[in-house]
Amino acid sequence: ANAVDNGINATDNIFADGRMGWTAANTWAANLSYAGYNDWRLPTMTDTGAPGCVAFSNSGTDCGYNVDTAFSEMAHMYHNNLGLKSGEDASGNFQADFGVFGNGTYNGTDTSSYGENDVGLVQNLQAYTYWSGVPYAPDPTLGAWLFLSSDGVQFISNQNDELYAWAVRAGDVTANNTVPAPAPLWLIGSGLMALIGWRRKR
């Protein structure tokens, strides 16, 4: 598929390597038709404290390492579905087997650059940063929440930053096709995960 097929045009802040701004990422996901479904979206999270990333922690909050997976779809997919670890454990100790490669590197050989890896059913998982669909509450026109798959951190960023997108939907999806994406967006290949086993807790 090309950019037009997914409701995105050349002015929507898409970059040559497939990364895009937050608005373009939301548009891409909302217009995605894949495996017989057209209700795709970006992952959600819940700000569990004062609005914004004010409670950065190593465990159990909405911001930092090992965030509460009951309130973050990306954290749930990363930690529960894929079994990946954050760069630090709940006590703040370094974990040598963190990240999408499971060996504490960003590209499989050194920490000087980023790369991608096949993890379980997910192919081409980037050791980089992915948008959530949630704006930053103190300034919803400027910031948005994100998840760093490189080291398992949830944080915030400017909506114009160049990040990847991971489309999700409630329920399981079985498909072995290449995910249609705005060219050349190759961030997730076949085996797109759809919140396997995720249940929102309120």
Side-chain angles (χ1 to χ4, degrees), residues 6 8 12-32 34 40-47 53 56 62-69 71-87 98-102 105-107 113-136 142-170 173 178-182 184-196 198:
N6 291 284
I8 299 174
D12 278 330
N13 205 16
I14 299 177
F15 301 88
D17 61 358
R19 292 179 291 170
M20 63 186 84
W22 185 74
T23 299
N26 277 281
T27 301
W28 168 73
N31 287 280
L32 180 63
Y34 176 69
W40 298 95
R41 56 177 172 76
L42 295 185
T44 63
M45 56 78 62
T46 302
D47 191 328
C53 190
F56 193 96
D62 54 14
C63 186
Y65 294 103
N66 310 297
V67 297
D68 191 336
T69 59
F71 298 100
S72 171
E73 291 178 336
M74 286 296 286
H76 182 90
M77 290 187 292
Y78 186 85
H79 294 297
N80 296 353
N81 292 342
L82 300 180
L84 300 176
K85 295 182 180 180
S86 288
F98 75 86
V100 302
F101 296 97
T105 66
Y106 292 141
N107 70 0
S113 62
Y114 296 85
E116 80 264 356
N117 191 32
D118 297 341
V119 184
L121 297 175
V122 178
Q123 295 182 4
N124 303 324
L125 179 61
Q126 303 297 305
Y128 201 70
T129 312
Y130 287 85
W131 286 118
S132 81
V134 180
Y136 176 52
L142 180 64
W145 287 86
L146 55 79
F147 193 90
L148 286 80
S149 61
S150 55
D151 51 5
V153 172
Q154 187 163 274
F155 202 66
I156 54 173
S157 189
N158 187 292
Q159 293 178 11
N160 291 319
D161 286 346
E162 307 171 21
L163 310 183
Y164 289 110
W166 187 338
V168 299
R169 66 175 301 275
V173 173
T178 300
V179 175
L185 190 64
W186 37 262
L187 49 96
I188 299 292
S190 62
L192 181 71
M193 290 187 63
L195 309 184
I196 298 173
W198 192 84

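In what follows, every heavy atom counts, from backbone to side chain, and hydrogens, waters and symmetry copies are set aside. For clarity, every value in this text was computed on a predicted model and none was experimentally measured.
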Can you tell me how far [atom2] of [Y] sits from [atom1] of [X], rounded to the nearest 0.5 angstrom?
| X | Y | atom1 | atom2 | result |
| --- | --- | --- | --- | --- |
| W145 | I156 | CH2 | CD1 | 6.5 Å |
| S132 | L42 | OG | CG | 7.5 Å |
| L82 | L121 | CG | CG | 8.5 Å |
| D68 | D62 | CG | CG | 9.0 Å |
| E162 | M20 | CD | CE | 11.5 Å |
| N124 | Y164 | CG | OH | 10.0 Å |

task = Scan F101, Y128, Y114 and name whichever one has a side chain to side chain contact (heavy atoms under 4.5 Å, CB included) with S150.
result = Y114
Is there side-chain contact between [X] and [Y], with at least one heavy-atom pair below 4.5 Å?
| X | Y | value |
| --- | --- | --- |
| D118 | Q123 | yes |
| M77 | V168 | yes |
| Q159 | L142 | no |
| P43 | M74 | yes |
| W22 | D161 | no |
| F56 | V153 | yes |

task = Report the C-alpha distance between Y65 and D151 in whole Å, list the side-chain angles of each, state the deciding distance to 0.1 Å, and finish with yes or no for side chain to side chain contact (heavy atoms under 4.5 Å, CB included).
result = CA-CA 8 Å; Y65 294 103; D151 51 5; 4.1 Å; yes
Can you name the nearest heavy-atom pair linking [X] to [Y], along with the distance?
| X | Y | answer |
| --- | --- | --- |
| A167 | L32 | CB-CD2, 3.6 Å |
| A75 | T69 | O-CG2, 3.7 Å |
| A25 | A165 | CB-CB, 3.9 Å |
| S157 | L146 | CB-CD2, 3.0 Å |
| V100 | V119 | O-CG2, 3.6 Å |
| V67 | S72 | CG2-CB, 4.3 Å |

query = Which of these passes ring-ring contact (aromatic ring centres under 6.0 Å, His included) with W166: Y130, F147, W131?
reply =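 When Y130, F147, W131 are each tested with W166, the ring-ring contact (aromatic ring centres under 6.0 Å, His included) holds only for Y130.
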inquiry  = Could you go through E116 and L125, starting from their C-alpha distance and side-chain angles, then the distance that decides it, and tell me whether this counts as side chain to side chain contact (heavy atoms under 4.5 Å, CB included)?
reply    = CA-CA 5 Å; E116 80 264 356; L125 179 61; 5.9 Å; no
request  = Using the side chain to side chain contact (heavy atoms under 4.5 Å, CB included) rule, take C63 and F155 through it: C-alpha gap first, then chi angles, then the decisive distance, then the call.
outcome  = CA-CA 5 Å; C63 186; F155 202 66; 3.7 Å; yes
For F98, all residues meeting ring-ring contact (aromatic ring centres under 6.0 Å, His included), sequence neighbours excluded =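 If we apply the ring-ring contact (aromatic ring centres under 6.0 Å, His included) test to F98, skipping adjacent residues, the hits are F94.
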ask   = Ignoring hydrogens and geometry, is there a side-chain-to-backbone donor-acceptor pair from T129 to L148 under 3.5 Å?
value = no
key: N/O donor-acceptor pair under 3.5 Å between S86 side chain and G152 backbone   = yes
query = Do the charged groups of E73 and R169 touch, with an N to O distance under 4.0 Å?
reply = no
